[in-house]
Amino acid sequence: MSGGDRKRLEDTTRYHPAEVEARVFSEWLEGGYFHPAAEGTPEENFSVAIPPPNVTGALHMGHALNGSMQDALVRMNRMRGRNTLWILGTDHAGIATQAVVEKDLRAEGRTRQELGREAFVERVWRWKEEYGSRIVEQYKRLGASCDYERERFTLDEGYVKAVYRVFKQLYDKGYIYRDFYMVNWDPGSRSAISDLEVENREVEDALYSIDYPVEGSERVLTVATVRPETMLADTAVAVNPEDERHADLVGRHCLLPLVGRRLPIVADEHVDPEFGTGALKITPGHDPNDFEIGRKHGLEEIVVIGPDGRLTEQAGRFAGLTAAEAQRAVVAALREEGRLRAEEPYTHSVPFSHRSGERIEPLISLQWFCRMDELAQPAIAAAQRDEVRIVPGQWKRVYLDWMREIRPWCVSRQLWWGHRIPVWYCDACEETYVAEAAPERCGACGGELRQEEDVLDTWFSSAIWPFATLGWPDQTPELRAFYPTSFLTTAREILFLWVARMIMTGIEFPGAVPFRDVYVHSVIQARDGRRMSKSLGTGIDPLQEIDVHGADALRFGLLAMSSTQDVRFSDAKVQQGSDLANKLWNASRLVLLNVAEVEPAPRPVAVEDRWMLSRLERTIASVTGKLENYDFAHAVQEAYAFFWRDLCDWYLEIVKPRLYEREEEVSATLLHVLERVLALLHPTMPFVTEEIWSFHPARRGHLAVHPFPVADEGLFDEAAEAEVEAGIGLTQRLRAWRDLADVPAGSVLAAVLDGVSPPDFVGRLARFDIADAMAGAGPDPVASVGPVRVLPSADLDAEAVAGRLEARRRELDAEVERAERKLANRGFVAKAPAEVVEEERAKLTRYRSELEELS
RNA sequence: GGGCGCGUAGCUCAGUGGGAGAGCGCUCGCUUCACACGCGAGAGGUCGCUGGUUCGAAACCAGCCGCGCCCACCA
């Protein structure tokens with residue numbers, strides 16, 4: 001260690017992450033450790049594709065948690081010497097990004113329509129160039145060891161090529177088709193969205209009952225609806241075929257109030273005879289159920305609500321009104337005509353757009369769809385055969401249930417920002433061309449071609465992320481070396497939206513599942529248990545946490561609080577991480593500033609050395625196993641407990657005298673232990689461990705590429721563990737005894753030993769001067785703690801000692817009674833495993849003998 | 001309507017058949033030469049309720065109460 005380094009270590013009594021992290025990160029980048037050569041096979045390599053954040057996004061707690069988990073495994077495998085690639089990139093996020101830029105435009109008093117498509121898209125690109133790298137920089141703050149030199153974007157030239165190839169192939173297979181169909185229309189983004197982007201919310205509406213007169217009769221059929229304005233698009237009335245009340249009406253017609261259209265009365269079992277009067281108005285153009293019924297009965301499909309959420313020309317005198325205005329107007333008109341029979345409050349669930357938050361307007365429109373059944377089959381089989389392992393296991397069933405019920409996917413979006421659908425139409429002869437590149441002219445008539453206006457759903461391009469980022473469809477070295485990837489971590493909310501689709505496309509295109517494991521992690525909620533969300537104002541900014549506590553602290557905290565169930569964000573866990581970083585720093589100072597100049601090596605001379613080495617190796621085995629099984633919370637908490645309790649509280653305190661004497665054996669052992677602890681913790685706390693490592697005399701290169709420790713079972717030592725644990729137990733009992741007997745903290749009490757001698761450290765750490773029992777002479781002990789007989793002294797308050805003895809006696813009485821009762825139970829003795837009974841007997845013996853000592 | 005999960009110390013959470021745990025908070029004592037973001041010692045819980053299985057239940061089973069999430073086309 002240089003003089004400067006020594007001075008810095010001596011002077012810096014607290015770890016300051018802010019002074020370390022940026023410097024250390026740039027060293028890693030300069031080292032090129034995160035940029036592997038495209039060599040080797042996927043089996044021997046390790047690769048992960050990051051869930052691509054939106055280019056519009058800022059790092060939120062979900063990214064931070066997800067990133068901490070991925071980085072832990074990525075770093076561990078890199079340290080194991082595997083060629084490791086963590087693919088980084090961003091998602092163009094069609095709706096979100098377009099919305100952001102449109103908002104900017106509006107602030108300037110302009111619209112995208114005024115600008116025109118080309119100029120608008122140009123403008124979004126400029127926005128992306130300026131702000132799109134923000135989230136990438138934020139991942140660096142977290143310490144994420146992604147390959148920043150291979151950053152990808154879903155609208156990269158190469159990526160677009162992959163998207164078009166996929167579209168074309170699915171079209172050629174007949175999976176992709178265009179159809180007039182019922183879609184979820186989002187008036188907010190003025191686009192169709194998929195079923196998965198819709199969320200249902202409970203809403204209080206009014207339920208209106210409306211009389212529809214039966215043609216050529218005095219009778220009326222009363223229908224109930226929460227959306228009276230859609231009656232303008234009614235094309236039938238349905239009753240249940242079993243419903244005798246209306247049986248004679250089937251085949252006749254109703255007259256639609258306000259409009260006058262003749263509506264056939266049809267029979268359909270979908271109608272619940274128990275609900276209302278048992279008659280259902282059928283609006284195939286604006287209700288998903290009615291759409292199904294309409295197609296079944298060949299009913300006319302009328303659309304009265306347009307893409308802007310306003311009534312169309314089809315709505316006659318109501319044209320131009322918004323849906324809400326139209327509802328009031330229709331209700332008023334019905335009331336005037338005496339057709340409104342009832343209006344009552346009604347709570348039901350209503351679809352809302354997950355993108356814009358607006359209420360979904362179901363309507364029929366011309367869209368592109370992808371049939372999913374065929375793609376789903378092999379993806380179901382892959383999960384069933386555990387070729388893709390979904391952990392925790394309960395999510396496998398959720399995945400399978402959804403896949404088995406999978407429905408066609410509406411892939412077209414009425415946006416400008418995205419992959420423009422690679423379809424060209426000839427207006428002259430109505431030919432359609434699907435191609436990866438624009439055809440020159442119509443092959444049939446030579447006419448001009450016009451490209452489809454719509455773009456693809458953002459998730460269509462994310463669905464091919466793991467292989468499109470590696471250069472597919474070209475057989476690139478990257479694809480050969482790193483596909484399939486090793487695992488995926490994800491929040492469950494995108495299990496269907498993203499994960500399932502990647503599995504389907506992975507099998508269909510490169511021909512292999514895209515990752516071996518899918519780890520579905522928990523959700524970190526706000527401190528009060530609500531969702532963290534920008535709109536609720538409940539979000540906690542990970543960057544601010546990093547500013548205050550450091551990236552290591554946040555990473556530790558997130559991993560420690562994560563588990564299989566959702567948890568509230570815990571400031572205490574982040575603080576625990578911060579405390580741990582500081583403790584690592586200080587414990588390392590103690591070692592590094594005091595050791596002799598020796599090579600690190602396990603050189604045990606005392607039982608506590610063997611104990612420490614045994615505990616270290618066991619911890620390495622256990623923590624490693626937990627990381628490999630995605631049990632991050634227990635992994636980091638176990639590492640914490642080992643380091644803090646075993647290493648700092650006990651081992652360092654025990655060996656301090658030897659360390660201060662510069663004993664070579666303990667110096668070598670301590671350097672060895674420190675090296676392994678730093679390496680073990682590096683995947684979860686990379687900055688502080690790398691920084692400390694820079695002071696370690698054995699350092700040859702960065703810790704980021706230092707070998708990850710492999711547990712040496714040869715150092716496991718049960719006997720040493722038992723002996724030292726007993727010594728620790730005795731030390732604690734002696735300290736407790738002192739405390740409760742009101743002994744001054746600093747005083748050293750005299751004692752003699754009677755029985756098996758404990759490890760040497762006990763007397764020093766408990767502040768007892770323990771001599772071997774001398775035959776005969778000497779004062780009578782005032783108390784016994786295990787084999788230690790406490791001798792009288794000026795620092796001992798007789799009354800306090802007596803009180804302490806009495807308290808201990810009561811404790812032992814209770815224990816003896818409990819054990820006796822248990823052993824008196826014949827069922828226990830007969831049926832419990834022998835070792836359990838034996839253990840109980842041993843305890844009883846111990847308690848009785850201690851009680852005897854006290855009396 | 002179906003499915004999944006949760007209810008353990010003041011708070012946030014571990015713990016899946018053999019004597020209730022962690023971190024934070026709280027109390028008491030320590031400027032002990034790595035760290036006061038520290039050290040030592042404590043207090044604090046009839047493990048949501050009721051039954052059952054078992055020699056033994058926080059854990060397994062059933063029912064109930066409370067809470068959360070996902071899926072679902074009943075107006």
Side-chain angles (χ1 to χ4, degrees), chain A residues 9-10 13-15 182 195 199-200 207-209 223-227 230 238 270-272 274-276 279-283 287-293 346 348-349 351 362 394-395 397-398 401-402 405 492-493 495-496 523 525 527 529 531 549 553 557 560-561 563-573 575-576 578-594 633-634 637 640-641 648-649 652-653 656 659-660 731-732 735-740 742-746 765-767 815 818-819 822 825-833 835-837 839-840 843:
Chain A
L9 264 189
E10 278 170 357
T13 60
R14 276 170 61 168
Y15 174 67
M182 174 64 57
D195 297 340
E199 61 174 344
N200 291 300
L207 183 67
Y208 298 93
S209 298
V223 300
T225 180
V226 289
R227 303 215 46 202
T230 65
H270 169 80
V271 181
D272 177 3
E274 306 291 316
F275 191 93
L280 174 64
K281 78 189 214 23
I282 301 298
T283 320
D287 183 280
N289 295 311
D290 296 3
F291 176 78
E292 299 283 335
I293 295 171
Y346 189 71
H348 63 146
S349 81
Q394 68 257 33
W395 298 107
R397 231 187 73 205
V398 175
D401 287 348
W402 184 75
E405 298 290 317
R492 58 175 170 268
E493 61 178 12
L495 190 60
F496 308 142
V523 175
Q525 301 164 333
R527 290 178 253 260
R531 286 178 70 84
H549 303 283
M561 70 184 92
S563 72
T564 52
Q565 70 160 317
D566 294 353
V567 288
R568 299 173 183 209
F569 184 82
S570 162
D571 295 290
K573 284 287 191 296
Q575 185 60 48
Q576 194 182 349
S578 164
D579 292 348
L580 175 58
N582 188 57
K583 188 85 170 172
L584 275 166
W585 175 256
N586 279 297
S588 302
R589 285 174 63 229
L590 172 67
V591 172
L592 295 170
L593 289 170
N594 292 287
H634 291 108
Q637 299 199 79
Y640 173 93
C648 294
D649 288 350
L652 290 181
E653 293 304 328
K656 259 180 191 174
L659 179 60
Y660 290 143
T731 306
Q732 289 175 318
R735 285 169 172 170
W737 187 91
R738 293 174 60 107
D739 225 54
L740 292 168
D742 271 338
V743 179
L765 295 187
R767 292 182 186 245
E815 293 296 346
R818 188 196 56 76
K822 201 161 181 179
N825 180 340
R826 267 187 298 183
F828 174 73
V829 177
K831 296 187 181 175
E835 62 268 24
V836 174
V837 177
E839 204 179 317
E840 204 56 44
K843 285 180 198 164

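Throughout, protein chains are lettered first and strands after them, A, B, ... in sequence-line order, and every chain is numbered starting at 1.
Taking side-chain N and O atoms only, A:R397 has a distance below 4.0 Å to OP1 or OP2 of B:C4. The phosphate of B:A14 (OP1 or OP2) has a side-chain N or O of A:Q565 nearer than 4.0 angstrom. A close approach under 4.0 Å does not occur between any side-chain nitrogen or oxygen of A:K583 and OP1 or OP2 of B:A36. One finds no side-chain N or O of A:K573 lying less than 4.0 angstrom from the OP1 or OP2 phosphate oxygen of B:C24. The phosphate of B:C13 (OP1 or OP2) has no side-chain N or O of A:S570 nearer than 4.0 angstrom.
We find that CZ of A:R826 is positioned 13 Å from P of B:C55, with the value rounded to whole Å. Rounded to an integer number of Å, the gap from CG of A:D571 to P of B:C13 is 12 Å. A:Q732 has its CD atom 10 Å from the C1' atom of B:A41, to the nearest Å. The separation between A:E493 atom CD and B:C71 atom P is 10 Å, rounded to whole Å.
Using a 4.0 Å heavy-atom criterion, one finds that A:H634 contacts the sugar-phosphate atoms exclusively. Here A:N825 lies in heavy-atom contact (under 4.0 Å) with sugar-phosphate atoms only. Counting non-hydrogen atoms under 4.0 angstrom, A:S588 reaches nothing in the nucleic acid.
The same atom, C1', is picked in B:G48 and in B:G66; the two are 8 Å apart, to the nearest Å.
By the ring-ring contact (aromatic ring centres under 6.0 Å, His included) test, A:H270 pairs with no residue at all, sequence neighbours left out. Applying the side-chain hydrogen bond (donor to acceptor under 3.5 Å, both in side chains) test to A:H549 and every residue at least two apart in sequence or in another chain returns nothing.
A donor-acceptor pair under 3.5 Å is formed between the side chain of A:N586 and the backbone N or O of A:T13.
Checked by distance alone, A:E653 brings a side-chain donor or acceptor within 3.5 Å of a matching partner on the base of B:A34.
Using a 4.0 Å cut-off between charged nitrogen and carboxylate oxygen, A:R531 and A:D566 do not count as a salt-bridge pair.
Two residues are said to be in side-chain contact when any heavy atoms from C-beta on lie closer than 4.5 Å; A:Q576 and A:D579 fail this criterion.
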